[in-house]
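Since the structure comes first, as structure tokens, the remarks are kept for the end.
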Amino acid sequence: MKRTHHCNELRPAHIGQTVTLTGWVHSRRDLGGLIFIDVRDREGRTQTVFDPSDLSAELFKRAEQLRSEWVVAVTGKVRRRPEGTNNPKIATGEVEVMAVSLEVLNVAEVLPFPVDDPEAAARVNEELRLKYRFLDLRRPEIARNLRLRSKVATATRVFFDEEGFLEVETPILFKSTPEGAREFIVPNRREPGTFYALPQSPQQFKQILMVAGVEKYYQLARCFRDEDQRADRQLEFTQIDIEMSFIEREDIYRLIEGLLKRIWKVALNVDIPTPFRRLKYEEAINRYGIDKPDTRFGMEIVDFTEEFRGSSFKVFSGAVANGGVVKALNAKGLAGATQGQMETMTDTARSFGAKGLAYIKVEGGEWKSPIVKFFTETEKAALTAKLAIEEGDLILFAADQWLNACEILGKIRLYCAEVLRGQGKLNLPADRFDFLWVVDFPLLSFDKENNRWYSSHHPFTAPVAEDIPLLKTDPKRVRGQHYDIVVNGTELGGGSIRIHQPDVQKTVFEEVLQIPPDLVKARFGYMLEAFKYGAPPHGGIALGFDRLNAILCNTPSIRDVIAFPKTAKGVCLMTESPGSVEPKQLRELHLELKVPRKD
RNA sequence: GGGGGCGUAGCUCAAUUGGUUAGAGCGCUGCCCUGUCACGGCAGAGGUUACGGGUUCGAGCCCCGCCGCUCCCGCCA
């Protein structure tokens, strides 16, 4: 019964050998007097033949009983396939195994969806695939993703080992630090009314590890965030988490460029050029309207604030007078946008508080637009020149405060790219990867509703040294030593150089973020305490491991690279978790439910 | 919390303006078939149209509710 070869191993060189294969019945072709059974295992598949002229009637009869996905061991002699019957689609297609014995290791019921037909299986409702995840994972297409993920994890560990990093595990049972994402909490049986919380990330532990003298830490860390899900967000996910001491930003850039170079080589055998280009946050917003720009295509946003400062078109000149800006982008070749597409874009603009979306369609040598009648020849000439306007173009405008105007056009730029892609006018090759660093983020953002500053990244991010004096005088101008790594418009990760001076950290907590001292002490006291005892300068980064794998597997959803993902509502359809617990368990935890128990 | 899409046979889908007994392909079952690999041929079984109401002479289709999946916004320090 023990196999001698796997199902992707036999070649003409094995002809004449007696072998045993084990695996699943991938497909059967019963020709009446001759039966072909393709045996599949993790590695591939091999055709076995049951020929009654060589077999007992009993064995042939058993072979007739075989059905899809039964588990079998087949022993037989490898031989060359008869002339003209090779199957070039599979690696073992030049040979076949003439069965002499068959052992049925297990039977299988009729499957709820096909596993053997890649095209049919790919179209099956994801709900069903998730319920029968064990079948979905048998499909070579999905199994390939798991295998790639394992390879990438190993490459990561090897890389960091070579670089002198220590892999350190940090607690899953942590405590609540409610500044960030909503947390999962775990009741503590030993002390009624107290709770652990699952970490949103190992942020604080990895900084403490720097104080502990680890110097170079990494971990493939599981993180938990109880927020609503997306195609690229699960309740639990994995980060490649990194922290280093005695370094500057450049050291992180070099390290991550080396890591990604290694991963792309190992996973895809692709050489990605390094170093990556760098884009200041402000420039990213100005040109692309987003802090994670997709630079695989142009359609950049262009500024027309000066051109329209004195315009008779009051929507533009008024916005400028209010301290705002006028921006435009040229959606090349989209003059034929449908009514529905124009509406979608207008709705996008409205969702950002704009009153509408000004546009010009360049069709038949004319500018078709409700607003062009307000423009002077000079203004038109400026548009033509700076946007390189040609027949068939669609020009879209935003006039608002700087960030809002840019973000509106940023969203519209991505939408236009999607439309153009659908029309075949924009081609983005699957093997193209535009990596870039986005740097010089503002350290702080202002929360109008609560009238206070909050950290753009997190409160441990160090200000750029020369901006420290501005912390108390002009917070919005303080740049953080924060960096994001972006590829093809996806935020792959981010990190920062941290504050290592207790006094600066205290200033940020108490004076800038206005967190009351007792609260700072309760939540971060142990960190400030640790920092008193010789904290080295340090910094780090975390990369989304699931997103990384989704990009490598060229799939839009991280569910495709997670063995057992949850649905948008946080449910595992296979195990039906989460579920209810026994009253006894609740009593032990000193918990009482205010909703009826769900069974 | 909000908005969009989807839900018909085991799977993928169809079903004209609301009108006869809800169809097709694949899969499944049986029979036939010695070179198939999407094997082929013949025959057959298989439906609470997600679920609950309503309108109507009549509902897969219209209305209300509800459940599930999905995409997006909010949210994700």
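If you're wondering where the values come from, they're calculated on a predicted model, not measured in any experiment. A note on names: the letters A, B, ... follow the listed sequences, proteins ahead of strands, and every chain is numbered from 1.
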Using Watson-Crick or G-U wobble geometry with both distances under 3.5 Å, which nucleotide pairs with [N]?
| N | value |
| --- | --- |
| B:rC39 | none |
| B:rG68 | B:rC6 |
| B:rG25 | B:rC11 |

Pairwise [atom1] distance, [M] and [N] [rounded to whole Å]:
| N | M | atom1 | answer |
| --- | --- | --- | --- |
| B:rA14 | B:rG74 | C1' | 38 Å |
| B:rA43 | B:rC26 | P | 13 Å |
| B:rG44 | B:rG4 | P | 47 Å |
| B:rC66 | B:rG27 | P | 41 Å |
| B:rC61 | B:rU49 | P | 10 Å |
| B:rC62 | B:rU29 | C1' | 40 Å |

Give the nucleotide from the list [options] with an atom nearest to the side chain of [X].
| X | options | result |
| --- | --- | --- |
| A:Arg225 | B:rC37, B:rU12, B:rC76 | B:rC76 |
| A:Val110 | B:rU36, B:rG68, B:rC28 | B:rC28 |
| A:Thr85 | B:rU36, B:rC11, B:rG30 | B:rU36 |
| A:Ala231 | B:rC28, B:rG35, B:rC72 | B:rC72 |
| A:Leu573 | B:rC69, B:rG35, B:rC11 | B:rC69 |
| A:Lys569 | B:rU12, B:rG68, B:rC39 | B:rG68 |
| A:Pro82 | B:rC71, B:rC76, B:rG35 | B:rG35 |
| A:Glu227 | B:rU36, B:rU70, B:rC75 | B:rC75 |
| A:Ser53 | B:rC39, B:rC11, B:rU34 | B:rU34 |

Distance check needed: B:rG30 P versus A:Gln65 CD, whole Å only.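 The answer, rounded to whole Å, is 8 Å.
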
Would you mind reading off the distance between A:Asn125 atom CG and B:rA50 atom C1', rounded to a whole angstrom? 12 Å

Would you say [X] reaches [N]'s phosphate, i.e. side-chain N/O to OP1/OP2 under 4.0 Å?
| X | N | value |
| --- | --- | --- |
| A:Thr567 | B:rC69 | yes |
| A:Lys411 | B:rC73 | yes |
| A:Arg230 | B:rC73 | yes |
| A:Arg123 | B:rC26 | no |
| A:Arg547 | B:rC76 | no |
| A:Lys131 | B:rC69 | no |

Just checking [X]: base, sugar-phosphate only, or nothing, at a heavy-atom cut-off of under 4.0 Å?
| X | result |
| --- | --- |
| A:Asn86 | base |
| A:Arg81 | base |
| A:Leu128 | sugar-phosphate |
| A:Asp116 | nothing |
| A:Arg523 | nothing |
| A:Glu96 | base |
| A:Ala120 | nothing |

Carefully, step by step, assess A:Tyr454 and A:Ser445 under the rule side chain to side chain contact (heavy atoms under 4.5 Å, CB included). CA-CA 6 Å; A:Tyr454 65 95; A:Ser445 309; 3.7 Å; yes

Considering heavy-atom distances to RNA chain B, does A:Asp228 or A:Glu179 have its closest nucleotide positioned more toward the 5' end?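 Looking at RNA chain B, the more 5' nearest nucleotide goes with A:Asp228.
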
Sorted by position of nearest nucleotide on RNA chain B, 5' first, the leading residue of A:Arg233 and A:Pro112 is A:Pro112

Would you confirm whether A:Glu183, through its side chain, and A:Thr177, through its main-chain N or O, come within 3.5 Å as a donor-acceptor pair? yes

Report, as yes or no, whether the 6.0 Å neighbourhood of atom NZ on A:Lys506 holds more than 12 heavy atoms from other residues, nucleotides or ligands.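 No, not enclosed.
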
Determine whether any donor atom in the side chain of [X] lies under 3.5 Å from an acceptor atom in the base of [N], or the reverse, and answer yes or no.
| X | N | result |
| --- | --- | --- |
| A:Arg45 | B:rC37 | no |
| A:Arg29 | B:rU34 | no |
| A:Glu127 | B:rU70 | no |

Using the ring of each side chain (for Trp, its six-membered ring), is A:Tyr132 parallel, tilted or perpendicular to A:Phe113, with breaks at 30° and 60°?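 Judged by the thresholds at 30° and 60°, the geometry between A:Tyr132 and A:Phe113 is perpendicular.
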
Donor-acceptor side-chain pairing of A:Thr170 and A:Gln219 below 3.5 angstrom: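 On atom types as modelled, these side chains qualify, holding a pair under 3.5 Å.
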
Contacts of A:Asn145 that satisfy side-chain hydrogen bond (donor to acceptor under 3.5 Å, both in side chains) - sequence neighbours left out: none

A:Pro293 and A:Val438, any side-chain heavy atoms less than 4.5 Å apart: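 Yes - at least one pair of side-chain heavy atoms lies under 4.5 Å apart.
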
Which one of A:Arg80, A:Arg79, A:Lys77 satisfies the salt bridge (Lys or Arg N to Asp or Glu O under 4.0 Å) criterion with A:Glu96?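 Of the listed residues A:Arg80, A:Arg79, A:Lys77, the salt bridge (Lys or Arg N to Asp or Glu O under 4.0 Å) partner of A:Glu96 is A:Arg79.
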
